[in-house]
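No hydrogens, no waters, no symmetry mates; every other heavy atom, side chains included, goes into these values.
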Amino acid sequence: MTYRLVGIKRLWSLMTLILVVAFLAGCKGSHASSSDKTEGSEMELKYAENLTLEEFPGYVAATVRNPWDTTKTLQKYILVRRDSAMPANLPAGTVVRVPVTNALVYSTVHNSLISELGSADAIGGICNSKYVNDKELKRRLASGDIVDCGVSMSPDLEKIIKLNPQVIMLSPFENNDKYAKVGELGIPIIECADYMETSALGRAEWVRFYGMLFGKSEKADSMFADTESNYLRMKAAAADAPDKPKVIIDQRYGQVWNVPGGVSTMGRLIEDAGGVNPFASYRQSGSVPLAPEKVLAEAHDADIWFVRYNQEKEKSMKELASDAPVNSQFKAFKDGNVYGCNTRYVDFYEETPFHPDRILGEMISAMHPGLLTDTVVRHYYHRMQ
């Protein structure tokens with residue numbers, strides 16, 4: 001009898017446990033369904049692969065895919081308007097009150113974009129200030145209206161704590177260990193993974209997310225629509241070009257030459273401009289570091305050469321030849337088809353990531369003279385003398 005009672009008690013306990021687990025699982029599934037799926041409306045993004053935007057009652061969910069492991073999520077942000085009550089039953093994610101009015105921004109790319117959106121006053125702190133070219137941002141740095149928080153690799157934590165920004169905007173990198181001490185401050189980190197997109201329009205489309213962050217959605221959407229329209233028009237024109245010149249970018253820095261991978265924004269730009277990327281077989285979305293001799297071996301017959309540099313005087317062909325022994329051996333050098341961009345005097349890195357149509361037009365006019373019906377004003381690249 002005793003054994004029978006023990007058995008009944010065990011059976012009852014087991015049945016109770018099963019019912020509890022089933023109940024909890026049902027509650028969890030119901031919550032995920034009602035919060036994440038049923039009520040949400042995905043906002044169309046045509047080109048961005050690492051960003052998803054979904055609109056829910058009371059908030060927008062922005063999901064950033066991990067560019068280095070696309071099966072995983074890098075971050076999920078829950079954007080809630082600053083002037084509204086916090087919605088109940090928010091999904092897991094980093095809550096950000098918008099519009100942001102006090103941001104610490106690491107890169108000049110995003111500083112310039114925020115300024116263009118009309119939210120320069122929302123930039124409370126900057127890292128890597130020596131690279132800032134914008135006159136207004138420089139003035140505000142000098143006056144102390146913007147806090148100089150040091151270099152991005154080792155920012156000044158005391159200044160960041162005193163600034164108390166609502167968000168920190170930075171470009172993520174693989175195996176970042178969550179940004180060391182900065183990640184422990186409890187401040188939402190906006191991981192700006194736009195640079196890891198596989199197309200120029202994919203990167204530019206991230207402006208829609210940044211527009212939401214700063215309450216400038218309408219302006220951001222309009223800006224992207226103009227960029228997309230111009231880009232696609234010129235891309236279509238380049239597709240009809242009779243020849244496809246081989247194109248190389250930049251030159252050796254240190255011991256390596258960083259060439260554009262086959263699925264990088266610059267690699268795609270070359271192709272969209274009606275050219276051939278000699279390094280398209282390297283299926284990477286970023287740059288590929290190669291030995292200069294390897295670059296020469298694979299691209300010695302390149303027809304066009306675009307070189308970005310930063311120095312006081314304009315670089316000459318003679319100086320380019322003296323920069324590295326391999327430089328004068330490329331076909332583009334011998335033919336005089338080298339175009340230089342002195343980034344000390346033009347805002348190439350600040351403007352072109354979110355206006356790729358501007359650089360596309362210049363590349364097409366150099367690679368296919370006379371192809372575009374409208375006149376392209378050379379602002380970034382000029383033939384090297």
Side-chain angles (χ1 to χ4, degrees), residues 44-51 67 109 113 116 194-210 220-250 259-288 299 302-308 332 337 339 341 346-383:
E44 182 187 13
L45 292 176
K46 297 180 183 179
Y47 310 97
E49 298 177 351
N50 296 321
L51 176 67
V109 171
L113 177 63
E116 185 176 357
D194 52 79
Y195 79 100
M196 288 299 293
E197 286 292 338
T198 60
S199 69
L201 285 178
R203 183 179 192 182
E205 198 168 24
W206 275 63
V207 70
R208 299 184 63 193
F209 171 49
Y210 300 133
D221 291 347
S222 175
M223 188 173 114
F224 177 72
D226 289 343
T227 296
E228 178 191 26
S229 176
N230 292 334
Y231 192 100
L232 293 180
R233 174 179 54 81
M234 291 186 286
K235 177 184 175 181
D240 295 331
D243 60 322
K244 301 289 183 183
K246 188 177 289 189
V247 180
I248 55 175
I249 302 291
D250 298 333
V259 303
V263 288
S264 65
T265 55
M266 182 56 75
R268 291 282 175 82
L269 264 168
I270 292 172
E271 294 173 357
D272 289 347
V276 174
N277 176 16
F279 310 99
S281 61
Y282 296 90
R283 307 306 290 173
Q284 293 177 222
S285 59
S287 297
V288 182
D303 303 290
I304 304 287
W305 188 356
F306 295 104
V307 183
R308 293 170 292 189
N337 289 325
Y339 294 82
C341 173
V346 295
D347 296 334
F348 180 94
Y349 294 110
E350 293 86 350
E351 296 173 354
T352 61
F354 295 98
H355 294 286
D357 53 320
R358 297 176 183 177
I359 186 62
L360 180 69
E362 290 199 14
M363 293 177 73
I364 292 174
S365 68
M367 295 159 60
H368 308 287
L371 181 65
L372 297 178
T373 55
D374 49 344
T375 302
V376 175
V377 177
R378 291 197 177 278
H379 176 64
Y380 304 111
Y381 283 104
H382 301 274
R383 189 184 291 271

Mind checking whether Trp206 and Phe209 have parallel, tilted or perpendicular rings, split at 30° and 60°? perpendicular
Is any side-chain heavy atom of Glu116 less than 4.5 Å from a side-chain heavy atom of His355? yes
With no hydrogens and no angle check, is any side-chain donor or acceptor of Arg268 less than 3.5 Å from a backbone partner on Thr198? yes
Correct closest heavy-atom pair for Met234 and Gly361 would be SD-CA, 3.6 Å
Sub-4.5 Å side-chain heavy-atom contact between Met367 and Phe306: yes
With a 4.5 Å limit on heavy-atom distance, are the side chains of Val259 and Ile248 in contact? no
Compare every heavy atom of Glu362 with every heavy atom of Tyr381, then report the nearest pair and how far apart it is. N-OE1, 2.9 Å
Distance (rounded to the nearest 0.5 Å) between Met266 CE and Ser199 OG: 13.0 Å
From Tyr380 OH over to Asp347 CG, what is the distance, rounded to the nearest 0.5 angstrom? 7.5 Å
With side chains defined as the heavy atoms from C-beta onward, is the minimum distance between His368 and Asp243 less than 4.5 Å? yes
Counting only heavy atoms not in Lys246, do more than 12 fall under 6.0 Å of its NZ? yes
Looking at every heavy atom in both Pro278 and Val247, which two are closest together, and how far apart are they? CD-O, 3.0 Å
Below 4.5 Å, heavy atoms only, C-beta onward: do Pro353 and Tyr195 meet side chain to side chain? no
Determine whether His379 and Thr352 make a side-chain contact, defined as any pair of heavy atoms from C-beta on separated by less than 4.5 Å. no
Here the pair of heavy atoms bringing Thr265 nearest to Glu197 is CG2-O, 3.3 Å
Pairwise distance CG(Asp221) to CD(Glu228) - rounded to 0.5 angstrom: 11.0 Å
Less than 4.5 Å apart, side chain to side chain, heavy atoms only: is that true for Phe354 and Thr227? no
With rounding to the nearest 0.5 Å, note down the distance linking OG in Ser285 to CE in Met196. 3.0 Å
Glu205 (side chain) donor-acceptor with Lys46 (main chain) under 3.5 angstrom: yes
Between Ile270 and Asn277 the two heavy atoms that sit nearest each other are CG2-N, 3.9 Å
Measure the CG-CZ distance between Leu51 and Arg208 for me, rounded to the nearest 0.5 Å. 9.0 Å
Would you give the length of the straight line joining atom OG of Ser287 to atom CG of Asp250, rounded to the nearest 0.5 angstrom? 8.5 Å
Can you name the closest pair of heavy atoms from Phe224 and Leu201 and give their distance? CE1-O, 3.6 Å
Does this structure show an ion pair linking Asp194 with Arg203, if we count only N-O contacts that are shorter than 4.0 Å? yes
Is there a side-chain contact between Val207 and Leu113 (heavy atoms, below 4.5 Å)? yes
Pair Glu351-Val109, side-chain contact (heavy atoms from CB on, under 4.5 Å): steps then yes or no: CA-CA 7 Å; Glu351 296 173 354; Val109 171; over 6 Å; no
